[in-house]
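Right, one structure below, let's go through it.
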Amino acid sequence: MLREVAKFANSFSFDSVLLPQDLALNRAWAEALRNIGILSRTEEQKIVRGLDRIGRAGRSGRAAHSGDWEDVHSYVEITLHKLIGDAAKKLHTGKSRNDQVATDLRMYVIDRLTVLDRALSGAMRSLLVLADRNVKVIFPSYTHLRQAQPVLFAHIALAYFSMLKRDRTGLGNVFCLADELPLGSAAVGGTAYAVDRKLLARRLGFSRISSNSIDAVGDRDFVIQFHAWGAQLMAHLSRISEDLILWSSDEWGFIQLPAEYCTGSSLLPQKLNPDVLELIRGKTARVVGNAVQSLALVKGLPTSYSRDLQEDKESLFSTAETVESCLKLISGLLGGLRVDARRSVAAMSKGFVLATDLADALVERGVPFREAHGAVSAMVRWCIENDRGMKEVPEAVLREISTRLDRRLVQGLSLEASVRRRSNIGGTSPSEVRRQIREARKDLLKG
Ligand code: ARG
C-alpha cells in the first residue's frame with residue numbers, strides 16, 4: 001500500500017474513542033470462541049489479560065498514538081500479538097471488522113445515550129425549579145414576536161419542559177434502535193462458526209440480536225436517528241437560547257442571566273454578553289450539519305458495508321459531545337436565571353395584551369365574538385393613534401365604537417384576572433400551572 005494511501009485510509013486518530021467498546025467486544029468474542037473449542041481456556045485467559053493491559057494503557061494515556069495499524073480494531077489485534085504472542089492470532093476467527101465496527105458503534109451510542117439522558121433530565125429539573133420559583137410572575141407571551149396575552153413565567157418554563165420531554169421520549173426510541181447486536185454477521189454473509197450470539201448479546205449489554213447479516217453490517221439507521229434526535233434537541237435549546245438572549249437584552253430587560261455564564265467585552269466595559277447562549281445557538285448549526293452529513297453518507301451506498309461508512313464516526317462523536325456540553329451548560333444557566341417581574345409587567349402597561357379579555361367580556365354581554373373583536377380592535381387603533389393605554393380611552397369614544405362598551409368594563413380588566421381565566425387544561429392560570437408542575441415532576445421521576 002502506498003504511504004499516502006495508508007495515511008488517507010487511517011482512522012485511528014478518531015476511532016480510538018471506541019477502544020473500550022472494542023476491548024469489551026474482543027473479551028466476549030474470546031469467551032465465545034473458547035465455548036466452541038477454538039480457543040483453549042489458557043489461550044482465552046492470556047487474551048483477556050492482554051486486552052486488560054491494553055485497556056489500562058489506554059486509560060492512562062500510554063497507548064501508542066500511531067503505528068502499524070489502520071484503525072482501532074487492527075491496533076488491538078497488533079498490540080495484543082506483541083503482548084501475548086501467537087494466541088492473539090486466533091482471536092479474529094469468524095469475525096470481521098465489518099461486524100466489529102457496527103457493534104462498537106452501537107455500544108458507543110448506547111453508552112452516550114445513558115449519559116445524555118442524565119444530562120437531559122438535569123436540564124428538565126432546572127426548568128421545574130425555575131417554574132416553581134416564578135409561579136406568580138406575569139410575563140407577556142408572544143406570537144410573531146409581538147405581545148399577545150399575559151402568561152405566567154412558569155408557563156413559559158413549562159413550555160421548554162414540554163420540548164425536552166419529547167426529546168426524552170425520542171432518546172428512548174434511538175436507544176431501542178441501537179440496542180441490537182450485529183456481531184456474528186462477520187463480513188456480510190454471517191459467521192461460519194457456531195458462536196452463541198445470544199450469550200454475546202448478554203455479555204455486551206444488548207437485548208436483541210440482528211436477524212440479517214447483510215443488513216447488519218451496513219445499517220447505520222441508529223447513527224442517523226441519533227443525529228436527527230440531537231439536531232431536534234439542539235433546535236429546542238437554540239430557540240430557548242434565542243428567547244433568553246432577547247429577554248435579557250437592554251431593551252427588554254425582563255430577565256438577568258447569571259454573570260458567571262456571561263463574558264465581558266475586551267473593548268466595551270459595560271458589556272455582559274450572553275456568549276453561552278449564543279454558542280448553544282451557534283453549535284446547533286454544527287449538529288444540524290452532522291445530521292445532514294450522516295444521511296448524505298448512506299444515500300448512494302450499495303447494501304451492506306462500504307468503506308464510506310468509516311466517515312460516520314467523527315460527526316457522531318462531535319454531536320454526542322456537543323449535545324452533552326450544551327445540556328449541562330444550559331442547566332446551570334437556567335439555575336441562576338433571575339426574572340424581573342416589575343419590568344415584564346411594566347412592558348404590558350398599555351393593556352393591549354388584555355384585548356382578548358375585553359372582547360370576551362363583550363361576548364359575556366351578548367355581543368357575537370366577531371363583532372366584539374372588531375370593536376376592540378378599533379379601540380386599540382384609537383389608542384395607538386392617540387398614544388394612550390386601553391384604560392385611558394374616554395367614555396364618549398368607547399360609546400362611539402360600540403354601544404356595549406363602557407369604562408367600567410375596561411377598568412375591570414387586569415393581568416391577574418386574565419391569567420386566572422385560562423384554567424382549562426394546558427392553560428396559564430396559576431392553579432393549572434401548579435398542576436402542570438406537579439405532573440411534570442411525576443414525569444421526570446418516571447424516567
Ligand atoms: N475502520 C473501518 C470503519 O470504521 C473498520 C471496518 C473496515 N472494514 C474493512 N473491510 N475495510 O468502517
Side-chain angles (χ1 to χ4, degrees), residues 1-29 51 54 58 63-81 88-89 91-112 177-178 180-193 200 204 210 212-227 290 293-321:
M1 202 194 296
L2 271 179
R3 267 245 307 277
E4 285 162 84
V5 174
K7 197 170 160 222
F8 183 68
N10 200 292
S11 57
F12 190 66
S13 64
F14 53 87
D15 70 10
S16 54
V17 167
L18 299 175
L19 184 64
Q21 285 79 11
D22 209 62
L23 293 171
L25 180 152
N26 275 301
R27 276 186 211 105
W29 192 251
L51 293 170
I54 299 176
H65 288 298
S66 63
D68 225 6
W69 43 80
E70 176 176 287
D71 54 21
V72 66
H73 323 291
S74 37
Y75 164 72
V76 170
E77 195 173 338
I78 293 167
T79 313
L80 189 67
H81 184 237
K89 286 190 179 165
L91 186 57
H92 206 52
T93 312
K95 70 174 164 62
S96 151
R97 280 185 297 163
N98 295 357
D99 61 348
Q100 212 167 316
V101 73
T103 306
D104 286 355
L105 214 53
R106 284 176 183 267
M107 287 165 71
Y108 172 85
V109 165
I110 288 172
D111 175 67
R112 288 300 88 194
L177 200 61
E180 186 171 295
L181 176 89
L183 192 62
S185 302
V188 59
T191 186
Y193 294 83
L200 282 168
L204 297 176
S210 61
N212 182 301
S213 62
I214 304 170
D215 177 51
V217 295
D219 170 22
R220 293 295 183 274
D221 293 5
F222 67 101
V223 174
I224 294 164
Q225 290 308 311
F226 182 86
H227 280 295
N290 287 343
Q293 183 263 359
S294 74
L295 260 177
L297 183 63
V298 298
K299 178 205 161 280
L301 289 190
T303 307
S304 98
Y305 182 83
S306 296
R307 189 63 178 272
D308 312 46
L309 291 177
Q310 181 165 292
E311 290 289 313
D312 61 5
K313 290 174 198 61
E314 285 161 293
S315 51
L316 176 67
F317 302 159
S318 141
T319 284
E321 279 162 28

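All ligand and atom numbering here is 1-based and tracks the order in the structure.
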- Would you mind running through ligand 1 and noting each atom that sits below 4.0 Å from a heavy atom of Asp71? 1 (N), 2 (C), 5 (C)
- Message: Applying a heavy-atom cut-off of 4.0 Å, say which part of Lys313 lies close to ligand 1: side chain, backbone, both or neither.
- Response: side chain
- Query: Among Asp15, Asp22, Val109, Val17, whose side chain to side chain contact (heavy atoms under 4.5 Å, CB included) with Asp104 holds?
  - Reply: Asp22
- Query: Can you name the one residue among Leu18, Val72, Val76 that meets side chain to side chain contact (heavy atoms under 4.5 Å, CB included) with Leu23?
  - Reply: Val76
- Query: Which atoms from ligand 1 have a heavy atom of Ser11 less than 4.0 Å away?
  - Reply: 1 (N)
- Between Asn98 and ligand 1, is there a nitrogen or oxygen pair with a distance under 3.5 Å? yes
- Please write down residue, atom name and distance for the protein heavy atom closest to atom 7 (C) of ligand 1. Tyr305 OH, 3.5 Å
- Query: Going through the distances and angles, do Leu309 and Val298 end up as a side chain to side chain contact (heavy atoms under 4.5 Å, CB included)?
  - Reply: CA-CA 8 Å; Leu309 291 177; Val298 298; 4.2 Å; yes
- Could you walk me through whether Leu25 and Gln21 pass side chain to side chain contact (heavy atoms under 4.5 Å, CB included), step by step? CA-CA 6 Å; Leu25 180 152; Gln21 285 79 11; over 6 Å; no
- Message: Just checking Asp308: does its CG atom have more than 12 heavy atoms from other residues, nucleotides or ligands closer to it than 6.0 angstrom?
- Response: yes
- Query: Any idea which protein heavy atom is nearest atom 11 (N) of ligand 1, and the distance to it?
  - Reply: Arg97 NH2, 3.6 Å
- Query: What is the nearest protein non-hydrogen atom to atom 2 (C) of ligand 1, stated with its residue, atom name and distance?
  - Reply: Gln310 OE1, 3.4 Å
- Query: Should we count CZ of Arg3 as having more than 12 external heavy atoms under 6.0 Å?
  - Reply: no
